[in-house]
Amino acid sequence: MYKIIKKRLLAPSVQLMEVSAPEIAKRAKAGQFVVVRVNEKGERIPLTIADSDPGSGLITIIFQEIGKTTQLLGTVKEGEEILDIVGPLGMPTHIENIGTVVTVAGGVGVAEIIPVAKAFKKAGNRVIGIIGARSRELLILEEEMKKHCDNVFVATDDGSYGQKGFVSDVLSDLLSKQINIGLVYAIGPVPMMRVVSELTRQHGIKTVVSLNPIMVDGTGMCGACRVSVEGRTRFACVDGPEFNAHQVDWNELVSRLSLFKKEEKVSTERFREECRCKKG
Amino acid sequence: MQKRVKMAERPASERIKDFRQVNLGYTNEQAVEEAKRCLQCKKPFCVDGCPVEIDIPGFIKAIAAGNPLKAAAVLKQKNNLPAICGRVCPQEEQCEIKCILHSKGEPIGIGNLERFAADFEKEHYAKNNRHTALMPKNGIKVAVIGSGPAGLTCAGDLVKMGYLVTVYESLHKSGGVLRYGIPEFRLPDDILDYEIENLAKLGVNISLNTLVGRTKSVAELFDEGYKAVFIGTGAGLPNFLGVPGENLNHVYSANEFLVRVNLMRAFEFPLYDTPIYVGGHVVVIGGGNTAIDAARTALRLGAEEVNLVYRRSEQELPARREEVVHAQEEGVRLRLLTNPVKFSGDENGFVKEMECVKMELGDPDSSGRRRPKLIQNSNFTIRTDMAIIAIGLSPNPVLPSLTEKLERDDEGHLKIDDKYMTSIKGVFAGGDIVGGETVIQAMGMGKKAARSMNEYLKEINPKPS
Ligand SMILES: Cc1cc2nc3c(=O)[nH]c(=O)nc-3n(C[C@H](O)[C@H](O)[C@H](O)COP(=O)(O)OP(=O)(O)OC[C@H]3O[C@@H](n4cnc5c(N)ncnc54)[C@H](O)[C@@H]3O)c2cc1C
Ligand SMILES: Cc1cc2nc3c(=O)[nH]c(=O)nc-3n(C[C@H](O)[C@H](O)[C@H](O)COP(=O)(O)OP(=O)(O)OC[C@H]3O[C@@H](n4cnc5c(N)ncnc54)[C@H](O)[C@@H]3O)c2cc1C
Ligand code: FES
């Protein structure tokens, strides 16, 4: 059992939790994730380790409530426990000093990119952050991002804050300025990562993305998370989740993410119904 | 000659509607009758066929004499988990094939009798009467990685010798393939739970959600004071065919399909949160136990038809004979000498058909089985909305790849010496991770490794007794 020590709402439907998991906190590195099962009937879902502190034994997870499991997790209160957490899983981000690194994140992806930005900064890089959200109230962790980046650019789809448009638009401007960029790193919704990948391909800049396929065990034994990279099948949970963006088969990823759309709807509606009954 | 006493089975039409057991077990009278058929050979060949050398005539004699508890005790001298082995061992190619009655007609139902004795003990007297002799605790810590049959057996033996044993398991439940692979209708969870509870009562500590290599390393285990380590991480890496279209939606590895159903209980969706697709026209590719389990599971979920596609002939099917017969009774259709070459999907990326070729058998290969050869221009398609690939598993690479100096052979199995020690001193291994293929082999190796670990620990830490 893993106790929730702190819980905070970062934006509408975006929750931050600090959870006691000393073994995981001791070894977690940037780019790694945990698999969480909330209760006995629960599904196993992957969530990035947004922060970890070996001293206090806490790990931080930040998640957007989109379906049954994330909404259920959102109902667990401070002081209560999560049944199962395993990790740290996946390959840590390959961190090196390459000069300038641009980290691009949208939505809840900002939470996932912070440990990466932090690690690149620590390795001596100049780190530029580009973060975005649909609107100002949905933007998370801007201050935190500023702590670890040399510059931070913000974009919102509706223009309520920062530049109006997508994070990829900001990246596009930056690329046209001909500064020397060693690496672009992107996390977020698939369409965003895909556009980033197209942009940097044109400029010949190495780009790493953190993929988010459906996972079950997260330890390499089922193949649910398989993605095609450079024409080869890879298991994102153990070979990734980070891959060379220019080699990813994006169509396949999009299609595989839609695998259980129908079932997800059933689950979510059922859960809403239950919540309503409890409240009513 | 007297015929073997048949074990009652539920009719196929009834059992495909649920996940309850297919075989119902012997009654007392049936067990005694079957046991009395045993000739009690002076030189029992059956024992040679048993990978853990159970005193087979001995336990059968006890059943014949009306003393199943004694029979269970005899079984447990060599086999910690007889209720499990009685259900899943391939007896027909191990002990029963060597039975002297085999040549004359029907061999003794050794597996059935084993199951009977073990179940009898569990139901009747187990709670008060655990007759396990325990050595006093010696204060020495040992770690076991993986809670499949190899790890559980090793842990059980070590705890009885007096060691302080912790089992580390990456999943949220223990049991390995016995839990997530073999379905409820062949091996009910409560039997496994019972055995695991007994281990806990003996003092085995099971630490779940711990992926050794990631959550902690083997080296760290030694730092934490463990004096020896056993690795029983199994063969958990699913193989794929490598044909086009294999990543289409609703093409699954058997492992994913079975994990969703058995471990995550997707068959109770939406009561349980993990979803599973119920295919109408299911194809399963492969011919081993895994393939047969997947096919029968798909039927139970409600598939209209299940085609089992295998590239050799019925004779070469590696699955247990009994399971193949059961599958056929239940309506699984065997498509033999057939090999898939391609999957195609609809515009949304969901699988729609599987293209196959016909095969014929050529000369024997290194395993002695006749090698399947492709018949040119024999392509045809099978309509399908769900394909399950069950063409085998490879050794789980996670721990070995994250552990320095742990040597593997070309197939990825851990290298061990005749004492089950790996290339790292004090680190032992057994089960599928070193090349085992069955539950009983895994248990046998777990047992022998426990003995070697004990010798090793005595050597490095000689204590005046
Ligand atoms: C390595 C990795 C790290 C991730 N980190 C984060 C994070 O830090 N914060 C965050 O909010 N989200 C993260 N995600 C996504 C998160 O796992 C999904 O949002 C979550 O599983 C949705 O579950 P649900 O039941 O709430 O929604 P559902 O209604 O079940 O699903 C909504 C969508 O989420 C995806 N999804 C569904 N089930 C799974 C599953 N078992 N595994 C992966 N994706 C699934 C599908 O695209 C689906 O359409 C990460 C995913 C991966 C693979
Ligand atoms: C579907 C199916 C049906 C089968 N049917 C039969 C049958 O009828 N009869 C028969 O004799 N055999 C059968 N087999 C084969 C048999 O199950 C295996 O030979 C046996 O389970 C091997 O045991 P094991 O202990 O070596 O490994 P496993 O049972 O595979 O257990 C390994 C355990 O280690 C855990 N693990 C892996 N890596 C780590 C790590 N790094 N840290 C912590 N834990 C880890 C895994 O999660 C797993 O729980 C079947 C196999 C399958 C898949
Ligand atoms: S999630 Fe099962 S192999 Fe990656």
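All of these numbers come straight from a predicted model, not from anything done at the bench. Proteins get letters first, then strands, A, B, ... in listed order; numbering begins at 1 in each.
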Residue among Glu263(A), Glu43(A), Lys41(A) satisfying side-chain contact (heavy atoms from CB on, under 4.5 Å) with Thr274(B): Glu43(A)

Between Phe235(A) and chain B, with a heavy-atom cut-off of 4.5 Å, which part of the residue counts as in contact: side chain, backbone, both or neither? side chain

Is it the side chain or the backbone of Ile276(B) that comes within 4.5 Å of chain A heavy atoms, both, or neither? backbone

Against chain B, label Arg256(A) side chain, backbone, both or neither, depending on which of its atoms sit under 4.5 Å from a heavy atom there. both

Side chain, backbone, both or neither: which part of Met91(A) has a heavy atom under 4.5 Å from chain B? both

Taking side chain as C-beta onward, heavy atoms only, is Phe269(B) less than 4.5 Å from Val266(A)? yes

Cut-off 3.5 Å, side chains only: do Asn247(B) and Ser228(A) have a donor facing an acceptor? yes

Could you tell me which non-hydrogen atom of Tyr272(B) sits nearest to which non-hydrogen atom of Glu40(A), and how far apart they are? CE2-O, 3.8 Å

Sort Glu220(B) into side chain, backbone, both or neither according to what part of it lies under 4.5 angstrom from a heavy atom of chain A. side chain

Please flag which part of Arg44(A) lies under 4.5 Å from any non-hydrogen atom of chain B: side chain, backbone, both or neither. both

Answer with side chain, backbone, both or neither: which region of Ser217(B) has an atom nearer than 4.5 Å to a non-hydrogen atom of chain A? both

Turns out that what part of Ile85(A) lies under 4.5 Å from chain B's heavy atoms comes down to backbone

Under 4.5 Å from a heavy atom of chain A, the part of Leu248(B) involved: backbone

Sort Leu257(A) into side chain, backbone, both or neither according to what part of it lies under 4.5 angstrom from a heavy atom of chain B. neither

If you count heavy-atom pairs under 4.5 Å with chain A, which of Phe240(B), Tyr277(B), Phe350(B), Tyr180(B) comes out on top? Phe240(B)

Choice from Leu208(B), Asn255(B), Val259(B), Thr210(B) maximising heavy atom contacts with chain A below 4.5 Å: Asn255(B)

Top contributor to chain B contacts, counting heavy-atom pairs under 4.5 Å, from Glu252(A), Arg37(A), Lys68(A): Arg37(A)

Heavy-atom contact with chain A under 4.5 Å, split by part of Phe257(B): neither

Looking only at non-hydrogen atoms, find the nearest pair between Thr215(B) and Pro88(A) and report the distance. CA-CD, 4.1 Å

Could you walk me through whether Asp273(B) and Leu72(A) pass the side chain to side chain contact (heavy atoms under 4.5 Å, CB included) check? CA-CA 11 Å; Asp273(B) 292 336; Leu72(A) 174 70; 4.3 Å; yes

At their closest point, which heavy atom of Pro92(A) faces which heavy atom of Arg214(B), and how far apart are they? CD-NH1, 4.0 Å

Contact class of Glu23(A) relative to chain B, heavy atoms under 4.5 angstrom: both

Heavy-atom closest pair, residues Arg27(A) and Gly213(B): NH1-O, 3.4 Å

Heavy-atom nearest pair, Gly223(A) first then Pro238(B), reads N-CG, 4.4 Å

Could you go through His250(B) and Leu259(A), starting from their C-alpha distance and side-chain angles, then the distance that decides it, and tell me whether this counts as side chain to side chain contact (heavy atoms under 4.5 Å, CB included)? CA-CA 7 Å; His250(B) 297 325; Leu259(A) 185 57; 3.5 Å; yes

Under 3.5 Å side-chain donor-acceptor pair for Asn348(B) and Ser255(A): no

All heavy atoms of Val86(A) vs all of Asn209(B), minimum pair found to be CG2-O, 3.5 Å

Side chain Arg226(A), main chain Glu246(B), donor-acceptor under 3.5 Å: yes

Would you say CZ of Arg270(A) has more than 12 non-hydrogen atoms from neighbouring residues, nucleotides or ligands within 6.0 angstrom? yes

